[in-house]
Amino acid sequence: FRHCLRGYYLLQANPEVKCSKCFAGYFCPDSINAYKCPQGTYSLEGSSSCNPCPIGSVNPEQGSPSFLSCKVCLKGNYAVEKEQRCATCPFGHYCPEDRMTKPI
C-alpha cells in the first residue's frame with residue numbers, strides 16, 4: 001500500500017497510482033482520503049487541514065477554496081458562529097464595528 005505526504009491522497013487504493021494534490025476546499029490528513037472542509041473554514045490546494053475564517057466573519061458553505069469565501073459581518077450586525085451567519089444587532093444592543101462576535 002502506497003502512502004502519500006500530508007496534503008496529498010491516492011485517487012485509488014492501487015500501488016501503481018500516483019499521489020494527487022488535495023483540491024482547494026478539501027483537506028487530506030492521510031494517504032487515503034480527501035475530506036470537504038466544513039462550514040466556517042476554507043483550504044487552499046494541497047492542504048492537510050482547513051483554516052478557520054477570521055473572527056467576526058462567517059462561511060455557511062462547505063468546501064470553500066479561499067478565505068474570500070469568508071464574509072465579514074458588517075457594522076450593525078454580529079457573527080453567529082454556531083449558525084455561520086451574520087445577524088442584525090438586536091433592539092436595545094449596539095454593534096458599532098465590523099467583525100463583532102456579540103452585541104454590546
Side-chain angles (χ1 to χ4, degrees):
F1 176 71
R2 183 182 176 138
H3 291 280
C4 301
L5 297 173
R6 289 175 53 141
Y8 289 78
Y9 72 105
L10 290 173
L11 291 174
Q12 301 171 11
N14 179 339
E16 309 265 328
V17 177
K18 293 182 180 179
C19 294
S20 179
K21 191 180 274 191
C22 202
F23 293 111
Y26 288 75
F27 68 105
C28 300
D30 55 45
S31 299
I32 303 167
N33 299 301
Y35 302 97
K36 192 179 280 192
C37 287
Q39 293 178 325
T41 67
Y42 67 93
S43 72
L44 303 176
E45 183 181 48
S47 294
S48 60
S49 62
C50 300
N51 302 304
C53 286
I55 291 173
S57 63
V58 296
N59 179 7
E61 303 298 321
Q62 294 181 13
S64 295
S66 164
F67 74 93
L68 296 174
S69 302
C70 301
K71 306 299 180 208
V72 173
C73 294
L74 301 176
K75 178 178 175 177
N77 298 280
Y78 68 100
V80 182
E81 271 190 48
K82 288 182 181 179
E83 298 174 19
Q84 286 300 305
R85 67 179 181 90
C86 295
T88 303
C89 200
F91 182 76
H93 289 82
Y94 189 48
C95 299
E97 300 174 8
D98 293 349
R99 299 184 182 274
M100 293 200 63
T101 56
K102 62 182 178 181
I104 298 172

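Numbers here simply count residues along the sequence, with the first being 1.
Partners of Pro52 according to the side-chain contact (heavy atoms from CB on, under 4.5 Å) rule, which considers only residues two or more places apart in sequence or in another chain, do not exist here. Applying the side-chain hydrogen bond (donor to acceptor under 3.5 Å, both in side chains) criterion to Arg6, with sequence neighbours excluded, gives Ser48. Partners of Ile104 by side-chain contact (heavy atoms from CB on, under 4.5 Å), not counting sequence neighbours, listed by chain and number: Tyr94, Pro96, Met100. Partners of Tyr35 under the ring-ring contact (aromatic ring centres under 6.0 Å, His included) rule, at least two apart in sequence or in another chain, are Phe27. Lys102 meets the side-chain contact (heavy atoms from CB on, under 4.5 Å) test with no other residue; sequence neighbours excluded. Scanning for side-chain contact (heavy atoms from CB on, under 4.5 Å) contacts around Tyr42 gives Asn51, Ser64, Phe67, Cys70, with sequence neighbours left out.
Interatomic distance, Lys36 NZ to Cys50 SG, rounded to the nearest 0.5 Å: 11.5 Å. Taking CD from Glu45 and NZ from Lys21, the interatomic distance works out to 4.5 Å, rounded to the nearest 0.5 Å. Rounded to the nearest 0.5 Å, atoms CG (Asp30) and CG (Leu5) are 12.5 Å apart. Between atom OG of residue Ser57 and atom CG of residue Asp98 there is a gap of 11.0 Å, rounded to the nearest 0.5 Å.
The hydrophobic cluster of Val58 has no other members, since no ILVMFWY side-chain heavy atom comes under 4.5 Å of it. Clustering of Ile, Leu, Val, Met, Phe, Trp and Tyr by side-chain heavy atoms under 4.5 Å joins Phe91 with none of the others.
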Can you give each donor-acceptor pair under 3.5 Å made by side-chain atoms of residues 72-87, sequence neighbours left out, with the distance rounded to 0.1 Å?
{"from": "Asn77", "atom 1": "ND2", "to": "Leu74", "atom 2": "O", "distance (Å)": "3.4"}
{"from": "Glu83", "atom 1": "OE1", "to": "Arg85", "atom 2": "NE", "distance (Å)": "2.4"}
{"from": "Glu83", "atom 1": "OE1", "to": "Arg85", "atom 2": "NH2", "distance (Å)": "3.1"}
{"from": "Gln84", "atom 1": "OE1", "to": "Asn59", "atom 2": "N", "distance (Å)": "2.8"}
{"from": "Gln84", "atom 1": "NE2", "to": "Glu81", "atom 2": "O", "distance (Å)": "2.9"}

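Between the side chain of Thr101 and the backbone N or O of Gly56, no donor-acceptor pair lies under 3.5 Å.
Taking the side chain as every heavy atom from C-beta outward, Tyr26 and Ser47 never approach each other to under 4.5 Å.
Under the 2.5 Å SG-SG cutoff, Cys28 and Cys4 do not qualify as a close cysteine pair.
The heavy-atom pair separating Pro65 from Ser69 by the smallest distance is CD-OG, 3.9 Å. Shortest non-hydrogen contact noted between Cys19 and Tyr8 is CB-CB, 4.2 Å.
Contacts classified as salt bridge (charged side-chain N to carboxylate O under 4.0 Å, His left out) and involving residues 48-62 (residues at least two apart or in different chains) are not found.
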